[in-house]
Amino acid sequence: MLIRYGYEITLTCQQPTALVCLLSVHDDRAADIRIPEAILTTPDVPTSTYHDLFGNRCRRFVAPAGDLTMWGDATIEDDGKTDRLLPAAREVAVWDLPDGCLVYLMGSRYCETDRLSQTAWDMFGATAPGWGRVQAICDFVHGHIQFDYMQARSTRTAFEAYQERIGVCRDFAHLALTLCRCLNIPARYVNGHLGDIGVPVVDPMDFSAWIEVFLDGAWHTFDPRNNTPRIGRIVLARGRDAADIPLINSFGPHVLKGFRVWTYEVQDLHPT
């Protein structure tokens, strides 16, 4: 299937402000792009790209004083299958993990493994290791946190989400991956597009957050917010938690003036 995705975001800055944005599709989907991403800014400003320590594509530029609108749009080809389920996937002992996985066992800005370790072992220590234990964690988080956009808070940590029992998709992701790390299961945070394909449409559309967990030598998708296999995930960035991969990192104050995201199936390639 073909999926068109994009965004239109308007910021207001009081003075020229450096920005780094992680809004482009991850390089591991480059071969699937059918219409390359068109990126425009109003007013027009020069931009450059680089890759961060986690391999994410970052766009760097300076927003002028006043309003700046960023617009991006592209079409990607997807296999149309739901997230892969591998119930037999096993956990990998810490001493056998690839070096690159070890950072995803440790605490990070929003994921306090030290504060949730005992809780994780009390709740899931007796659960059979492997895919089923990760799914049990996602089942718990899905039922424990009430989704509420009006209660979103950019500083809420995994431990606070566990205590407050409310949040948005990033809070579901932070709590689930923290509990996994406490049990020595590498887990990382993912930002991306997830359209309402094959499920009832819910507006307004937004970016989504989910997690990837390392089992049986590979990374696998889990989604404690929706907690059901979905179609058409488009990864933008991966990191330890939301602090590593903010969609917009502003090196100075700004006000969000406009925000629109789209992700939907199309039958034909649209004109550029």
| query | Looking at residues at least two apart in the chain, or sitting in another chain, which of them share a ring pair (Phe, Tyr, Trp, His ring centres under 6.0 Å) with Phe214? | reply | Trp219
| side-chain contact (heavy atoms from CB on, under 4.5 Å) evaluation trace for Leu179 with Tyr162 | CA-CA 10 Å; Leu179 293 172; Tyr162 173 71; 6.0 Å; no
| request: Not counting sequence neighbours, list each pair that qualifies as a side chain to side chain donor-acceptor pair (under 3.5 Å) and has a residue in residues 13-23. | output: none
| request: Taking all non-hydrogen atoms of both residues into account, name the closest pair between Asp83 and Pro229 and its distance. | output: OD2-CA, 3.7 Å
| Are any side-chain N or O atoms of Tyr110 and backbone N or O atoms of Ser154, one a donor and one an acceptor, separated by less than 3.5 Å? | yes
| query | Is there a donor-acceptor contact under 3.5 Å from the side chain of His142 to the main chain of Thr228? | reply | no
| Main-chain N/O of Phe159 paired to Glu112 side chain as donor or acceptor, under 3.5 Å | yes
| request: Would you mind listing the cluster partners of Val190? Hydrophobic ones only (ILVMFWY), side-chain contacts under 4.5 Å, chaining allowed. | output: Leu194, Trp210, Val235
| said: Could you report the tightest heavy-atom contact between Leu215 and Ala89, atom names first, then the distance? | reply: CB-CB, 4.0 Å
| Looking only at atom types and distance, does a side-chain atom of Arg181 sit under 3.5 Å from a main-chain N or O of Met106, one as donor and one as acceptor? | yes
| field | Side-chain heavy-atom pair Tyr104, Arg240 within 4.5 angstrom cut-off | value | yes
| request: Mind listing the closest non-hydrogen atom pair of Phe172 and Arg225 along with its distance? | output: CD2-CA, 3.6 Å
| query | Between Cys180 and Ala187, what is the shortest heavy-atom contact and its length? | reply | CB-CB, 3.9 Å
| query | Between Thr10 and Thr69, does any side-chain donor sit less than 3.5 Å from a side-chain acceptor? | reply | yes
| request: Could you work out the complete set of other residues in the hydrophobic cluster of Ile76, with links drawn between I, L, V, M, F, W and Y side chains under 4.5 Å apart? | output: Met1, Ile3, Tyr5, Val25, Ile33, Ile197, Ile231, Ile234
| Which pairs pass salt bridge (charged side-chain N to carboxylate O under 4.0 Å, His left out) with one or both residues in residues 39-65, sequence neighbours excluded? | Asp27-Arg57
| remark: By salt bridge (Lys or Arg N to Asp or Glu O under 4.0 Å), Asp241 pairs with (sequence neighbours left out) none
| request: For the residue pair Thr157 and Arg109, establish whether any side-chain heavy-atom pair is separated by less than 4.5 Å. | output: yes
| Can you tell if the side chain of Leu102 reaches within under 4.5 Å of the side chain of Leu97, non-hydrogen atoms only? | yes
| query | Which pairs with one or both residues in residues 191-220 pass salt bridge (charged side-chain N to carboxylate O under 4.0 Å, His left out), sequence neighbours excluded? | reply | Arg90-Asp216, Arg188-Glu212, Asp196-Arg230, Glu212-Arg238
| request: Provide the closest heavy-atom pair for Ala237 versus Asn56 in the form atom of the first, atom of the second, distance. | output: CA-OD1, 3.2 Å
| Which pairs pass salt bridge (charged side-chain N to carboxylate O under 4.0 Å, His left out) with one or both residues in residues 139-153, sequence neighbours excluded? | Arg153-Glu160, Arg153-Glu164
| remark: The salt bridge (charged side-chain N to carboxylate O under 4.0 Å, His left out) partner of Asp78 among Arg4, Arg34, Arg29 is Arg29
| request: Please report the closest heavy-atom contact between Ile137 and Ala176, naming both atoms and the distance. | output: CG2-O, 3.7 Å
| Of all residues at least two apart in sequence or in a different chain, which pass the ring pair (Phe, Tyr, Trp, His ring centres under 6.0 Å) check with His254? | none
| When clusters are formed from ILVMFWY side-chain contacts under 4.5 Å, directly or step by step, what else is grouped with Leu11? | Tyr7, Ile9, Leu19, Leu23, Ile39, Val45, Phe61, Leu68, Met70, Phe207, Leu236, Leu247, Ile248, Leu256, Phe259, Val261
Using atom types as modelled, flag every donor-acceptor pair under 3.5 Å from a side chain in residues 117-131 to any protein atom, sequence neighbours excluded.
{"unit_1": "Gln118", "atom_1": "NE2", "unit_2": "Asp122", "atom_2": "OD1", "d": "2.8"}
{"unit_1": "Trp121", "atom_1": "NE1", "unit_2": "Cys182", "atom_2": "O", "d": "2.9"}

| task | Output all residues satisfying ring pair (Phe, Tyr, Trp, His ring centres under 6.0 Å) with Phe147, sequence neighbours left out; order by chain, then residue number. | result | Tyr149
